[in-house]
**Student:** 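Take this structure, written in structure tokens, and hold onto it; I'll ask about it next.
Model, not experiment: these values are computed from the prediction.
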Amino acid sequence: MVRGWRLGEQTWMKEGAWRGGVILAALGMWAFLVLLGRRHGFGAPEYLQFLLDGLRGGSIYALVALGFVLVYRVTGVINFAQGAFVMLGPMLTASFYERGWPPAPSLRLALAALLSIGIVAGIGVAVERWALYPARRASPLTRIIITVGVYLILEGAALLLWGPYAKMIPSFTTLSLADPTLRFGEIRIKAQSLWIWGTLGISLLTLALFFGRTTLGKAMRACAVNRLAAQLMGIRVDVMSTLAFGLAAALGALAGIVLGPATRPTYEMGLELGLKGFVAAIMGGLVSFPGAVLGGLLLGALENLWAGVTVAGFKDLFAFIVLILVLLVHPQGFAGSEAEVERA
């Protein structure tokens, strides 16, 4: 018992040291990029602006990463179709909103968003039932390839349905294409950023209440800890897997919808957001909701600073540099241990 306790203590200390090292490395990278930006004459206001803009994008990555973590913990599948769910949310919302239904614009936008989230959640359920459940005994690689195929099918369907043209979603604040800007001295914050940050906070709180207070949420947590033991206790693991896909799809659609007014949704937007959400999930260990959120926020802040002090076209490159470094140095991420990843 004493030996086991000592091993556990050593593991905990090792993981704590690693997480502390990651924080120091992130701060060191931030300091390096700040020094690199001095050649452009950037000062504190510019760096703070980079940080706030990066946290806006990082919040979207975090929402997408939550979907990856949710599916992986319950099913053991890395769902690369998550990017398609992110794309479908705003594309459907824009299409429904453009129909000009009788309600007032604010209510019409809310109804369009809710209807879109419900449809995308249903698509997520269908993907699990029709594509992954029949392959439940296949190898993990086979199931990953299936999710990639599902993404390509959904993206192709979106291209056929909407064409290559961008859609438009009005600002949640003004219900027009003009998004108001809040000014605090030299710092500017788009009003839609507040909606994005609020959505991330509410989503985290809702997930915490769902998994901590509801019977269904506790059953999903049991599947995440040990699927075989949960099945022996009478929990329908297949039903929990289907629910996990539905919830992940809803989270992806929500992320795309709140991002919609800040950009112009297109059929191909899911690829970039899905991959960056995956990077954020990997940074968090693929098993931790707080880790996924922290990974998304760190990735967003650092890549935006990277783009600001180097070349904006290199912004997308940064995420994959981070992914390679994490996989080489510590594949379990900074919020998950090796045992947790293997158990999931």
Side-chain angles (χ1 to χ4, degrees), residues 60-89 117 120-151 153-154 203-204 206-207 210-211 216-227 230-231 235-256 270-271 273-293 295-296 333 335-336 340-344:
I60 298 299
Y61 304 157
L63 283 169
V64 180
L66 288 175
F68 275 103
V69 172
L70 180 60
V71 169
Y72 182 76
R73 291 205 63 174
V74 177
T75 69
V77 175
I78 298 176
N79 177 30
F80 283 112
Q82 187 69 14
F85 302 146
V86 179
M87 173 270 296
L88 288 173
I117 292 172
V120 176
I123 293 174
V125 168
V127 167
E128 198 281 333
R129 285 285 90 188
W130 298 343
L132 287 165
Y133 182 75
R136 59 191 179 279
R137 294 185 177 86
S139 66
L141 178 59
T142 299
R143 291 183 290 173
I144 289 174
I145 293 174
I146 289 174
T147 65
V148 173
V150 168
Y151 171 83
I153 291 172
L154 292 176
S203 298
L204 273 177
T206 302
L207 286 174
F210 175 72
F211 285 107
L216 193 59
K218 291 177 181 178
M220 291 184 69
R221 286 175 58 193
C223 294
V225 173
N226 191 314
R227 285 184 286 275
Q231 189 172 15
I235 297 175
R236 291 285 303 276
V237 176
D238 57 334
V239 174
M240 296 301 106
S241 299
T242 302
L243 180 60
F245 265 84
L247 288 176
L251 280 171
L254 180 62
L271 179 61
L273 293 173
L275 289 176
K276 290 185 179 180
F278 173 65
V279 173
I282 289 290
M283 291 172 66
L286 263 180
V287 294
S288 169
F289 290 133
V293 172
E340 287 175 324
V341 174
E342 290 178 351
R343 184 174 64 236

**Student:** Tell me, do Leu273 and Tyr61 make a side-chain contact under 4.5 Å, heavy atoms counted?
**Tutor:**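 Yes, side chains in contact.
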**Student:** Check for a donor-acceptor pair, side chain of Tyr151 on one end and backbone N or O of Leu271 on the other, with a separation under 3.5 Å.
**Tutor:**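 Flag set: sc Tyr151 to bb Leu271 pair under 3.5 Å.
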**Student:** Heavy atoms only: give me the nearest Ser288-Val69 pair and the separation to one decimal.
**Tutor:**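 Looking at all heavy atoms of both residues, the shortest contact is N-CG1, 3.8 Å.
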**Student:** How many angstroms lie between CZ in Arg136 and CD in Glu128, if you round to the nearest 0.5 Å?
**Tutor:**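 Here the interatomic distance stands at 9.5 Å.
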**Student:** Checking the side chain of Gln82 only, and the main-chain atoms of Ala248 only, is there a donor and an acceptor separated by less than 3.5 Å?
**Tutor:**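 Yes, the answer is positive, given that a donor and an acceptor are paired below the 3.5 Å cut-off.
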**Student:** Any non-hydrogen side-chain atom of Phe211 less than 4.5 Å from a side-chain atom of Leu70?
**Tutor:**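 A side-chain contact under 4.5 Å exists here.
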**Student:** Is any side-chain heavy atom of Leu216 closer than 4.5 Å to a side-chain heavy atom of Phe210?
**Tutor:**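 Yes - at least one pair of side-chain heavy atoms lies under 4.5 Å apart.
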**Student:** How long is the span from the CZ atom in Arg236 to the CG atom in Leu243, to the nearest 0.5 Å?
**Tutor:**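 Arg236 atom CZ to Leu243 atom CG measures 12.5 Å (nearest 0.5 Å).
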**Student:** Looking at every non-hydrogen atom in both residues, tell me the closest pair between Ala65 and Ala280 and how far apart they are.
**Tutor:**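 Reported closest heavy-atom pair: CB-CB, 3.9 Å.
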**Student:** Walk me through whether Leu286 and Ile78 qualify under side chain to side chain contact (heavy atoms under 4.5 Å, CB included).
**Tutor:** CA-CA 9 Å; Leu286 263 180; Ile78 298 176; 4.1 Å; yes
**Student:** Given Leu254, which partner from the list Val120, Val64, Ile117, Leu66 fulfils the side chain to side chain contact (heavy atoms under 4.5 Å, CB included) test?
**Tutor:**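 Single side chain to side chain contact (heavy atoms under 4.5 Å, CB included) partner of Leu254 among Val120, Val64, Ile117, Leu66: Ile117.
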**Student:** Minimum heavy-atom separation for Gly246 and Val125, please, with both atom names.
**Tutor:**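 Taking every non-hydrogen atom into account, CA-CG2, 3.9 Å.
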**Student:** Of all residues at least two apart in sequence or in a different chain, which pass the side-chain hydrogen bond (donor to acceptor under 3.5 Å, both in side chains) check with Thr147?
**Tutor:**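 Per chain and number, Thr147 pairs via side-chain hydrogen bond (donor to acceptor under 3.5 Å, both in side chains) with no residue.
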**Student:** Can any side-chain N or O of Thr75 pair as donor or acceptor with the backbone N or O of Val71 at less than 3.5 Å?
**Tutor:**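 Answer holds: yes.
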**Student:** Is there a side chain to side chain contact (heavy atoms under 4.5 Å, CB included) between Leu141 and Ile145 once you walk through the steps?
**Tutor:** CA-CA 6 Å; Leu141 178 59; Ile145 293 174; 4.1 Å; yes
**Student:** Grab the two heavy atoms, one from Ala249 and one from Gly124, that are nearest each other, plus how far apart they are.
**Tutor:**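 Closest approach of Ala249 to Gly124: CB-CA, 3.9 Å.
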**Student:** When rounded to the nearest 0.5 angstrom, what is the spacing between CZ in Arg73 and SG in Cys223?
**Tutor:**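 Here the interatomic distance stands at 11.5 Å.
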**Student:** Kindly give the heavy-atom pair with the smallest separation between Ala244 and Val74, and that separation in Å.
**Tutor:**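 Looking at all heavy atoms of both residues, the closest pair is CB-CB, 3.9 Å.
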**Student:** Working to the nearest 0.5 angstrom, can you tell me the gap between Ser241 OG and Arg129 CZ?
**Tutor:**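 So the OG of Ser241 and the CZ of Arg129 are separated by 7.5 Å.
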**Student:** Hey, are the side chains of Leu154 and Ile123 touching, using non-hydrogen atoms and a 4.5 Å cut-off?
**Tutor:**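 Yes, their side chains come closer than 4.5 Å.
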**Student:** To the nearest 0.5 Å, tell me how far Asp238 CG sits from Tyr133 OH.
**Tutor:**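 Separation between the atoms: 5.0 Å.
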**Student:** Work out which heavy atom in Ala255 is nearest to a heavy atom in Ile60; give both atom names and the distance.
**Tutor:**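 For Ala255 and Ile60, the tightest heavy-atom pair comes out as O-CD1, 3.6 Å.
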**Student:** Go through the structure and list residues passing ring-ring contact (aromatic ring centres under 6.0 Å, His included) with Phe80, not counting sequence neighbours.
**Tutor:**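 Only Phe278 meet the ring-ring contact (aromatic ring centres under 6.0 Å, His included) criterion with Phe80.
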**Student:** I need the Phe85 CZ to Asn79 CG distance, nearest 0.5 Å.
**Tutor:**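 These two atoms lie 5.5 Å from each other.
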